[in-house]
Amino acid sequence: MEETSTMPDAAVPGPAPAVPPTPPVPLAALLAREDLGLRQIAGPQDSATVIHWAHTSEMADPYPYLLGGELLLTAGVHVPEAAGSGTYFDDYVSRIVEAGGAALGFGVAPVHDTVPRALVVACDDYGLPLVEVPPRTTFSGVARAVWQLMAQARHTELRRVTEAQQSLAAAAARPDPVPSVLRQLAQRVGGRATLYAPDGGEVASAGRMPGASGGGGGLRSVSGAGAGAGSGAGASAGSGSGAGSGVDVSGALAGLVAVVRPTTGNESGAGTGGVSAGTGASTGKGPGGGSPTPSSASDTAGGVHLAAYALGTGQGFVLGVAAPRRDPGDHTIASVGAVLLSLLTGEHQSSTGAARSSALVRLLLGAAPEEVAPLLGGGERWVVVHARPDGPAPDAVTASALGAALGSALVDVDGEVVRVLVPAGHRELTVQPGWTCGVSAPVGPHEWGAGDTQAGRALSRARATRTRLVRHGEHQGLADLVPPTEAAAHARTVLAPITANPALTETLRTWLSLHGSWDRTAVALSVHRNTVRQRIARCATLLSTDLDDPDVRMELWFALRHA
């Protein structure tokens, strides 16, 4: 007999897929639908029983066609006449349970007037909920009701997540943002939220550990709510083991936190206490090229659902969440909290951030770049990166993410371009997906301005040549044999006729760098190709020279490099 299903490809045997994106439906909610008239007549009446979809089958062995979590619907067409006196129903129900079926719905009429007694006994024996479907209710009607309940649950969950996002954002704007976010997150998941310092100690926590005896309902700040503060020792009040469970829930959560904390070398995963990262957790290289470290992980201890989220890139702060249950939207809500805490515990609030603010003040008050450079955490040499995204103009969050990927928090958004000041040798600068980048040569603090110019030109060349990353030349050539002061004086003399018009100078520089290509120069300058032709012709007139002569081009390029 042909299989039918309310899910695509449900009749195709194979490995069980991931749980569908829609929330499951409690069996009790389906039984409560008066229009269906369903009645549970066997099996455990557990409010925790849920179904992920409905599937109709008249096969004597439905096991190969089940994915798990189904409400299996049958009219008993496959049941032989002598089934009640043998082991048929025991075998049938055991196969459903083995396949992970959530419940069995038996349709009364047209084949059977009542649900076979032997089937009721078998469902009780194997703990499979058995639902009687009355003659007036079609299987398609049951399947439609399942999807309707799923849609309602999905809408409710989306509204819950949206409200949680709004409340977390409002908490982050309060005068005490870190404690406020933790309190709001703990309230939303009905458990406990804890911020862990890089050394594993608690910074602050809020809420009650599920199953814990005693207090702990309020917030406790161990070492201040700000980031970068030293960690406290021990757990907050009320964060002990689940009552009577014999399981150290707090220790299990701390172990899970150790799994996602960035580590290096063979330290990765040390001290995990045997807790493993949940499957599907995203990973990234730990600092210094260590073993891959998951950015999030989940586990269960003593019936308590645990989750840990690494904050930022290499900061070492981790958010730990313990909840009595794991609803579909809890991961999204906790992830939003982790993002907000990552921003709040960023380097701008740490001692490094204070040093950076001090450097800015000193520059504004007239200090030399060489004096403030040590406060920025870099060495004697730096590189400047100019980057443009493939998509919309960058915002502060996008720019910060790029800076984190490049290894620097010194980021500036200038229109469509993001500028990043990176300590030379901090890490190898590589192509960033979704960005076109120009990189300067390593420069000292007194040459930051020159490095900025180099990076801008490199970015223009990268965009014109459709190359993801272009570096300013670092190798010495013939031009380096001329003393810089003499080269600059020569450049001023040669370019004097066009110096008053920056558009002409920049057009000539770009045109020469692109070997006289009109189209690529137009792309690099974001102008029409006819505009490029007019400007180059004007340059040739003012300079009184033949720009088709390669020697002339070489001389002009030399002058432009030292202008």
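Put simply, the side chain of T162 gets close to the backbone of L158: a donor and an acceptor are under 3.5 Å apart. Judged by distance alone, the side chain of S335 and the main-chain N or O of H331 form a donor-acceptor pair under 3.5 Å. S526 contributes no side-chain N or O that, together with a main-chain N or O of A522, makes up a donor-acceptor pair within less than 3.5 Å. Under the 3.5 Å distance criterion, the side-chain polar atoms of T505 are matched with a main-chain donor or acceptor of I498. Side-chain atoms of T453 come within 3.5 Å of backbone N or O of G449 as a donor-acceptor pair. Between the side chain of S517 and the backbone N or O of L514 there is no donor-acceptor pair closer than 3.5 Å. For the pair T467 (side chain) and V470 (backbone), a donor-acceptor distance under 3.5 Å is absent. Formation of a donor-acceptor pair under 3.5 Å by the S408 side chain with backbone atoms of L410 is found in this model.
For R535 and E506, the salt-bridge test fails: no basic side-chain N is under 4.0 Å from an acidic carboxylate O. A salt bridge links R160 to E157: one of the charged nitrogens lies within less than 4.0 Å of a carboxylate oxygen. The pair R388-D414 does not count as a salt bridge, with every side-chain nitrogen at least 4.0 angstrom from each carboxylate oxygen.
In this structure the side chain of W448 reaches within 4.5 angstrom of the side chain of V443, judged on heavy atoms. Between L168 and I333, some side-chain heavy-atom pair lies under the 4.5 Å cut-off. Looking at heavy atoms from C-beta onward, H52 lies out of side-chain contact with L67 at the 4.5 angstrom threshold. Side chains of E163 and R188 form a contact here, defined as non-hydrogen atoms less than 4.5 Å apart. A heavy-atom distance below 4.5 Å is found between the side chains of Y196 and L253. Counting only heavy atoms from C-beta outward, the side chains of V494 and E555 never approach each other to under 4.5 Å. Between S298 and R326, the closest side-chain pair of non-hydrogen atoms falls below 4.5 Å. L556 has its side chain within reach of L512: a pair of non-hydrogen atoms, C-beta onward, lies under 4.5 Å apart.
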Inset, instruction - Show your reasoning for whether side chain to side chain contact (heavy atoms under 4.5 Å, CB included) applies to R419 and V411. - result: CA-CA 6 Å; R419 302 188 297 178; V411 180; over 6 Å; no
Legend entry - Test log, rule side chain to side chain contact (heavy atoms under 4.5 Å, CB included), inputs H386 and V418: CA-CA 6 Å; H386 280 212; V418 175; over 6 Å; no
Inset, instruction - Go through the steps to decide whether V422 and V384 satisfy the test side chain to side chain contact (heavy atoms under 4.5 Å, CB included), and finish with yes or no. - result: CA-CA 6 Å; V422 183; V384 182; over 6 Å; no
Inset, instruction - Give the C-alpha distance, both sets of side-chain angles, the deciding distance and a yes or no for side chain to side chain contact (heavy atoms under 4.5 Å, CB included) between S513 and W557. - result: CA-CA 8 Å; S513 73; W557 182 248; 3.7 Å; yes
Legend entry - Stepwise side-chain hydrogen bond (donor to acceptor under 3.5 Å, both in side chains) check, D299 with H305: CA-CA 6 Å; D299 200 10; H305 296 279; over 6 Å; no
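The two residues A322 and L306 make their nearest non-hydrogen contact at CB-CD2, 3.7 Å. In terms of heavy atoms, P394 sits closest to W435 at CB-CH2, 4.1 Å. Closest approach of V321 to Y309, counting heavy atoms only: CG2-CE1, 4.4 Å. The two atoms that bring A297 and L256 nearest to each other are O-CD2, 3.6 Å, heavy atoms only. Heavy-atom minimum distance, A458 versus G438: CB-CA, 3.7 Å. Scanning both residues, R457 and L560, for their nearest heavy atoms gives NH1-O, 4.0 Å.
With hydrogens and angles left out, the side-chain atoms of R183 and Q187 include no donor and acceptor closer than 3.5 Å. Donor-acceptor pairing under 3.5 Å is recorded for the side chains of S205 and R192.
Around CZ of R538, the count of heavy atoms belonging to other residues, nucleotides or ligands within 6.0 Å does not exceed 12.
Rounded to the nearest 0.5 Å, atoms CG (L547) and SG (C539) are 7.0 Å apart. From L495, atom CG reaches atom CG of L504 across 11.0 Å, with rounding to the nearest 0.5 Å. To the nearest 0.5 Å, atom CG of residue L469 and atom OG1 of residue T436 are 9.0 Å apart. Atom-to-atom distance recorded for R468:CZ and T430:OG1 is 12.5 Å, nearest 0.5 angstrom. E447 contributes atom CD, which lies 9.0 Å from atom CD of E370 (distance to the nearest 0.5 angstrom). In this structure, CZ on R492 lies 11.5 Å from NE2 on H490, to the nearest 0.5 angstrom.
Within the structure, ring-ring contact (aromatic ring centres under 6.0 Å, His included) contacts touching residues 499-548 (residues at least two apart or in different chains) are W511-W518.
Applying the salt bridge (Lys or Arg N to Asp or Glu O under 4.0 Å) rule to R529 yields the partners D519; only residues at least two apart in sequence or on another chain are considered.
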